[in-house]
Amino acid sequence: MLVRTFGAAVQGIDAIKVEIEVSVDWGAGFILVGLPDTAVKESAERVRCAIDQAGIGFPNKQTVINMSPADIKKEGSAYDLPLAIGILAADEKINADKLQRYMIMGELSLDGSVRPIKGALPMAILARELQLDGFIVPRRNALEAAVVNNLNIYGVDSLKQVIAFLNGEAELEPTVVDTRAEFARAQGVFTYDFADVKGQENVKRALEVACAGGHNILLVGSPGSGKSMMAKRLPSILPPLTLQEALETTKIHSVAGKLPMGTTLMTVRPFRSPHHTISSVALVGGGTYPTPGEISLAHNGVLFLDELPEFPRSVLEVMRQPMEDRTISISRAKYATEYPASFMLVASMNPCPCGYYGHPKKHCVCTEHQRSQYMNKISGPLLDRIDLHVDVQPVEFEQISAQAPGEPSEAIRRRVIAARDIQARRFQGIKGVYCNAQMTPALLHRYAEPDEAGLKRLHDAMERMNMSARAYDRILKVARTIADLEASDRVMQHHIMEAIAYRTLDRSNYLGTNL
């Protein structure tokens, strides 16, 4: 008998339909075709044991399975459950009438229990698009898949449960999640708060400006000055995710297998902080079995690179194109895929190898040549994509020991949201531009031209501080954001002056380098 079951394969962050055709007839042997990888081929033994444990018995006949479309690689162990159900239906051990109405995915243990899989959310979205009645998934993936409305999600624990359901011997309760209520309930819950930060008012202001305009920022300071501590608090002042952003972010983490079990939606912007030993493939994505990299896992959130000069230069350079295009296209001999990568880059570094250049109390032991070599580990084109460079000075004892808390994240966040709302209205209808950091030169000319006094101040600063021409656009973008924080229609002189103050590394004599 020939039967069909429905599964799905993940490509990028989306799923495509996979039809599993199973024929059980007289003869002997087990044949699996349709471009399966090693994990899918090994499913034969898992499926055989699971069916035996269910008390039915694997058919002693010729079993031929085709996974269509045959030109797309089928990867992973998530096809175990639909393969087992297809074999039993083709052997007439279970009723095949319901198979055309459900998508089925899950990994099987040898005892017949069902284990969780990757990519349940994009698969559920596909099942709804195909207008199927439901999606049968491992119970630990049920909440994740139930985010998709207008689709019944059935979480199962064992192969026996699925068999009983298809035979009409038992009912499965659909998992129900109120997506909007869940999304609203979990927003605004953060582990870290800027109220814990004592002093560093100038740095907090720079971080507020960066979040308000979506600007990349580099923190330069001695060890222990609070760079990492403040960076970890950035998600608490970023604008909340929209429901569409939350779904897209959750899809990426679902495909990568990084979504915590029992999670419905990601409601807080991601904060990714990879170690400096990371490889370029792990950063941008790809690999033998393509998965999203750190820049995609940071999509709609923050990518924090601590100790920036310690990252291999070759690794840092691969970020240049994604930072501009906000997507990463990966092409290999056997596949080509694309992942979103719209992230806010936050980096930190010491001012020199010993870390104490410019420290008010500790003496730097590095030579000028050593400092220059250290800074030159970061290429000019990469720095060209970082809008704010901020000096972070050590906090005085009086500030550390002060009992009064600092300004809470909630207050800063309200100002950031107000500035982003202004930008949303300004760029409404302009595709691909949502914040000031994404402005093109034409948009800069239209929205960020300073007044006469501001233009003169910018001209004088560039001449006096030997800034390069590439700093011009970045200063105007940041100045436009500062003006938005004040709800000012025009970019004024004091906005330009503050933006210039955030251009530390554009000074030709900084640390004896010529960046």
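No hydrogens, no waters, no symmetry mates; every other heavy atom, side chains included, goes into these values.
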Taking Lys227 for its side chain and Gly221 for its backbone only, find out whether a donor-acceptor pair lies under 3.5 Å.
-> yes
Any chance you could lay out the side chain to side chain contact (heavy atoms under 4.5 Å, CB included) test for Ile13 and Tyr339, step after step, and finish with the verdict?
-> CA-CA 7 Å; Ile13 62 169; Tyr339 296 114; 3.9 Å; yes
Those residues at least two apart in sequence (or on a different chain) that pass side-chain hydrogen bond (donor to acceptor under 3.5 Å, both in side chains) with Asp37 are none
Within 6.0 Å of CD in Gln321, more than 12 heavy atoms from elsewhere = yes
Under 3.5 Å, side chain of Thr175 to main-chain N/O of Ala146, donor-acceptor pair present?
-> no
Could you tell me which residues satisfy side-chain contact (heavy atoms from CB on, under 4.5 Å) with Tyr192, sequence neighbours excluded, listed by chain and number?
-> Lys232, Arg233
Got Leu283 and Ile295 here, is their nearest side-chain heavy-atom distance under 4.5 Å?
-> yes
Donor-acceptor list for residues 443-452 side chains, cut-off 3.5 Å, not counting sequence neighbours:
from, atom 1, to, atom 2, distance (Å)
His445, ND1, Glu449, OE2, 3.2
Asp451, OD1, Gly454, N, 2.7

Should Cys352 and Gln370 count as side-chain neighbours, where that means a heavy-atom distance under 4.5 Å?
-> no
Excluding sequence neighbours, so at least two apart, what forms side-chain contact (heavy atoms from CB on, under 4.5 Å) with Asn216?
-> Met323, Leu345, Ile386
Under the side chain to side chain donor-acceptor pair (under 3.5 Å) rule, what pairs show up with a residue in residues 116-129, not counting sequence neighbours?
-> none
Considering residues at least two apart in sequence or located in another chain, which fulfil the side-chain contact (heavy atoms from CB on, under 4.5 Å) criterion with Ala424?
-> none
Per the side-chain contact (heavy atoms from CB on, under 4.5 Å) rule, which among Leu121, Thr264, Ile117, Leu265 passes with Glu144?
-> Leu121
Not counting sequence neighbours, which residues clear side-chain hydrogen bond (donor to acceptor under 3.5 Å, both in side chains) with Ser342? List them please.
-> Arg326
Are the side chain of Thr481 and the backbone of Lys477 linked by a donor-acceptor contact shorter than 3.5 Å?
-> yes
Going by distance alone, is a donor N or O of one side chain under 3.5 Å from an acceptor N or O of the other, for Asp193 and Ser236?
-> no
Side-chain donor/acceptor of Glu498 to backbone N/O of His494, under 3.5 Å = no
Would you list the atom pairs, donor with acceptor, under 3.5 Å between side chains in residues 301-313 and any protein atom, with sequence neighbours excluded?
from, atom 1, to, atom 2, distance (Å)
Asp306, OD1, Ser348, OG, 2.4
Asp306, OD2, Ser228, OG, 3.0
Arg313, NH1, Asn376, O, 2.9

Start with the C-alpha distance between Glu201 and Val203, add both sets of side-chain angles, then the distance that settles side chain to side chain contact (heavy atoms under 4.5 Å, CB included), and finish with yes or no.
-> CA-CA 5 Å; Glu201 298 304 323; Val203 184; over 6 Å; no
Test item: Arg332 side-chain N/O and Thr337 main-chain N/O as donor-acceptor pair under 3.5 Å | no
Mind checking whether Arg205 and Tyr502 have side chains closer than 4.5 Å, heavy atoms only?
-> yes
What distance do Met497 atom CE and Ile500 atom CD1 have between them, rounded to the nearest 0.5 Å?
-> 7.5 Å
Rounding to 0.5 Å, atoms CD1 (Ile330) and CD1 (Ile328) come to a distance of 5.5 Å
Salt-bridged, Glu324 to Arg320, with N to O below 4.0 Å?
-> no
May I ask you to test the Tyr356-Cys366 pair for a side-chain heavy-atom distance under 4.5 Å?
-> no
Pairwise side-chain contact, Cys354 with Arg371, heavy-atom cut-off 4.5 Å (strictly under) = no
Return yes if some donor-acceptor pair links the side-chain N/O of Arg413 with the main-chain N/O of Leu238 below 3.5 Å, else return no.
-> yes
Shortest non-hydrogen contact from Val478 to Val209?
-> CG1-CG1, 3.9 Å
Rounded to the nearest 0.5 angstrom, the OG-CG distance for Ser225 and Asn350 is 8.0 Å
Do Glu486 and His495 get their side chains close enough for a donor-acceptor pair, meaning under 3.5 Å?
-> yes
Pair His389-Leu219, side chain to side chain contact (heavy atoms under 4.5 Å, CB included): steps then yes or no | CA-CA 6 Å; His389 313 147; Leu219 305 177; over 6 Å; no
Taken in chain and number order and not counting sequence neighbours, the residues that satisfy side-chain contact (heavy atoms from CB on, under 4.5 Å) with Asn300 are Leu241, Glu245, Glu248, Thr249, Arg269
Taking atom CD of Glu208 and atom CD1 of Ile482, what is their separation to the nearest 0.5 Å?
-> 10.0 Å
Can you name the side-chain hydrogen bond (donor to acceptor under 3.5 Å, both in side chains) partners of Ser296, sequence neighbours left out?
-> none
Are side-chain heavy atoms of His253 and Pro270 found at a separation under 4.5 Å?
-> yes
Counting heavy atoms not belonging to Arg415, are there more than 12 under 6.0 Å from its CZ?
-> yes
Tyr374 side chain near Ser372 side chain, heavy-atom distance below 4.5 Å = no
Salt-bridge present (Asp484, Arg480; N to O < 4.0 Å) | yes
Would you give the length of the straight line joining atom CG of Asp14 to atom CD of Glu338, rounded to the nearest 0.5 angstrom?
-> 10.5 Å
Are any of the side-chain heavy atoms of Arg503 and Arg474 separated by less than 4.5 Å?
-> yes
Examine distances only and state if a side-chain atom of Thr250 and a backbone atom of Ala246 form a donor-acceptor pair shorter than 3.5 Å.
-> yes
Does atom CG of Asp489 have more than 12 heavy-atom neighbours from other groups under 6.0 Å away?
-> no
Could you state the interatomic distance from CG (Asn436) to CD (Gln423), rounded to the nearest 0.5 Å?
-> 3.5 Å
Just distance, no hydrogens or angles: give the donor-acceptor pairs under 3.5 Å from side chains in residues 455-464, sequence neighbours left out.
from, atom 1, to, atom 2, distance (Å)
Lys456, NZ, Asp460, OD2, 3.1

Excluding sequence neighbours, so at least two apart, what forms side-chain hydrogen bond (donor to acceptor under 3.5 Å, both in side chains) with Arg140?
-> none
Polar side chain donor-acceptor pair, Thr367 to His369, under 3.5 angstrom | no
Ser409 side-chain N/O to Phe194 backbone N/O, donor-acceptor pair under 3.5 Å = yes
May I ask you to say whether Lys204 pairs ionically with Glu407, meaning some side-chain N is under 4.0 Å from a carboxylate O?
-> no
Side-chain donor-acceptor pair under 3.5 Å between Ser379 and Glu317, yes or no?
-> yes
